[in-house]
Amino acid sequence: MRHLLRPLLLPFLRRHPDEVEKQARHFSLESREGRELVAGVGRAFLGGYHTMLEARALGDVSVAGLSVEPHYRPFFFEGAAMGYLPRAYFTEDAGRDRLETDLLAIDPRFRYLYYVGLGFWFGFRHPGRPGVLEALAPHLDPFYFPLCYDGFGFKVGFFDFPKRPVAREILDRAPAERCAHIYQG
């Protein structure tokens, strides 16, 4: 039944392909090469996110990721992880209870980045509430779980802070035992 939501939700979940490149204008990137590097990372990251949302099967994400230039490939898979939970809104083949298993089946080499991507998604979905990440803890490896806070912190630092420096205070809302991880992001 969830599949009926797909055409309605996809337009709202998509992000602009050059969003990262535009956001990076707030940072001191002095060389053309530096700007191109950030743009490539952003395109790969959002390419992975969109591929996860649009793929009919999770195996299609793996195939698409292998076609990405090796230097940018990790960012593709990190973005794919960011798209996993929103994919669960409209597909039966995704959900918190199988999250780690599904992502590792796509490509186990990017485990670290999957956790960061999940935190990134929570940063967009719950922008002022980092503690909601704790709902994922029972479904993920406890050793890697703190990396979700790293992703949340990076999202705040990259997307929110440049426009609203007071956004930094959001990091202080993380559970005390997660503060080092959210600030690392």
Side-chain angles (χ1 to χ4, degrees), residues 9-10 13-17 19-21 23-24 38-55 58-91 93-127 129-160 170-171 174 178 181-185:
L9 292 178
L10 272 177
L13 291 169
R14 286 190 182 103
R15 305 201 64 88
H16 200 277
E19 180 179 17
V20 172
E21 184 177 2
Q23 188 62 26
V38 171
V41 167
R43 282 191 299 275
F45 180 81
L46 290 174
Y49 172 72
H50 290 127
T51 298
M52 179 62 82
L53 290 177
E54 296 165 6
L58 291 173
D60 297 341
V61 177
S62 180
V63 171
L66 293 176
S67 71
V68 173
E69 181 183 333
H71 183 72
Y72 295 111
R73 191 172 296 153
F75 303 103
F76 174 91
F77 285 101
E78 181 181 21
M82 185 176 99
Y84 182 85
L85 288 171
R87 175 188 180 84
Y89 297 160
F90 55 81
T91 64
D93 74 343
R96 288 183 184 194
D97 58 327
R98 50 194 284 178
L99 164 66
E100 190 170 61
T101 302
D102 284 349
L103 290 175
L104 291 175
I106 292 170
D107 195 319
R109 296 175 296 171
F110 303 105
R111 181 180 207 158
Y112 179 105
L113 292 170
Y114 292 149
Y115 285 86
V116 176
L118 292 169
F120 217 95
W121 168 249
F122 269 70
F124 282 114
R125 178 70 176 90
H126 305 282
R129 301 177 23 217
V132 300
L133 277 167
E134 293 300 317
L136 285 181
H139 307 285
L140 299 172
D141 185 313
F143 182 78
Y144 295 102
F145 173 68
L147 292 168
C148 293
Y149 281 91
D150 181 293
F152 194 108
F154 185 83
K155 185 272 180 187
V156 170
F158 190 79
F159 282 95
D160 304 334
I170 293 168
L171 305 180
R178 309 293 188 202
H181 305 292
I182 201 164
Y183 274 94
Q184 175 178 291

Problem set entry | Shortest non-hydrogen separation from Y72 to A44 and the atoms involved | O-CB, 3.5 Å

For this session: Search all heavy atoms of P130 against all heavy atoms of A174 and return the closest pair with its distance.
Result: CG-N, 3.6 Å

Exercise. So, do P127 and K155 sit near enough that their side-chain heavy atoms are less than 4.5 Å apart?
Worked result: yes

Expected list for residues 136-153: side-chain donor-acceptor pairs under 3.5 angstrom, two or more places apart:
{"from": "H139", "atom 1": "ND1", "to": "R96", "atom 2": "O", "distance (Å)": "3.4"}
{"from": "D141", "atom 1": "OD1", "to": "F143", "atom 2": "N", "distance (Å)": "2.7"}
{"from": "D141", "atom 1": "OD2", "to": "R111", "atom 2": "NH2", "distance (Å)": "3.3"}
{"from": "Y149", "atom 1": "OH", "to": "E134", "atom 2": "OE2", "distance (Å)": "2.6"}
{"from": "D150", "atom 1": "OD2", "to": "Q184", "atom 2": "NE2", "distance (Å)": "2.6"}

For this session: Would you confirm whether Y114, through its side chain, and L103, through its main-chain N or O, come within 3.5 Å as a donor-acceptor pair?
Result: yes

Problem set entry | Ring-ring centroid check F124 F120, cutoff 6.0 Å | yes

Exercise. Okay, side chain of H50, backbone of R15: is any donor-acceptor separation there less than 3.5 Å?
Worked result: yes

Exercise. Is any side-chain N of the basic residue among R87 and D93 closer than 4.0 Å to the acidic one's carboxylate O?
Worked result: yes

Exercise. Does the ring centre of F110 sit less than 6.0 Å away from the ring centre of F76?
Worked result: no

Problem set entry | Where E19 and L46 come nearest, the two heavy atoms and their spacing | CB-CD1, 4.0 Å

For this session: Only one of D102, V61, L53 passes side-chain contact (heavy atoms from CB on, under 4.5 Å) with Y84; say which it is.
Result: D102

For this session: Output yes when a side-chain donor or acceptor of R43 lies under 3.5 Å from a complementary backbone atom of P17, and no otherwise.
Result: no

Exercise. If we only count heavy atoms from C-beta on, is the F77 to V68 side-chain gap below 4.5 Å?
Worked result: no

For this session: State, to 0.1 Å, how close A55 and D60 come at their nearest heavy-atom pair, and which atoms those are.
Result: CB-CB, 3.9 Å

Exercise. Within the side chain of S67, is there an N or O that forms a donor-acceptor pair under 3.5 Å with the backbone of A64?
Worked result: yes

For this session: May I ask you to test the V41-F75 pair for a side-chain heavy-atom distance under 4.5 Å?
Result: yes

Problem set entry | Minimal non-hydrogen separation, A88 against A94, with atom names | CB-O, 3.6 Å

Exercise. Below 4.5 Å, heavy atoms only, C-beta onward: do L85 and R125 meet side chain to side chain?
Worked result: no

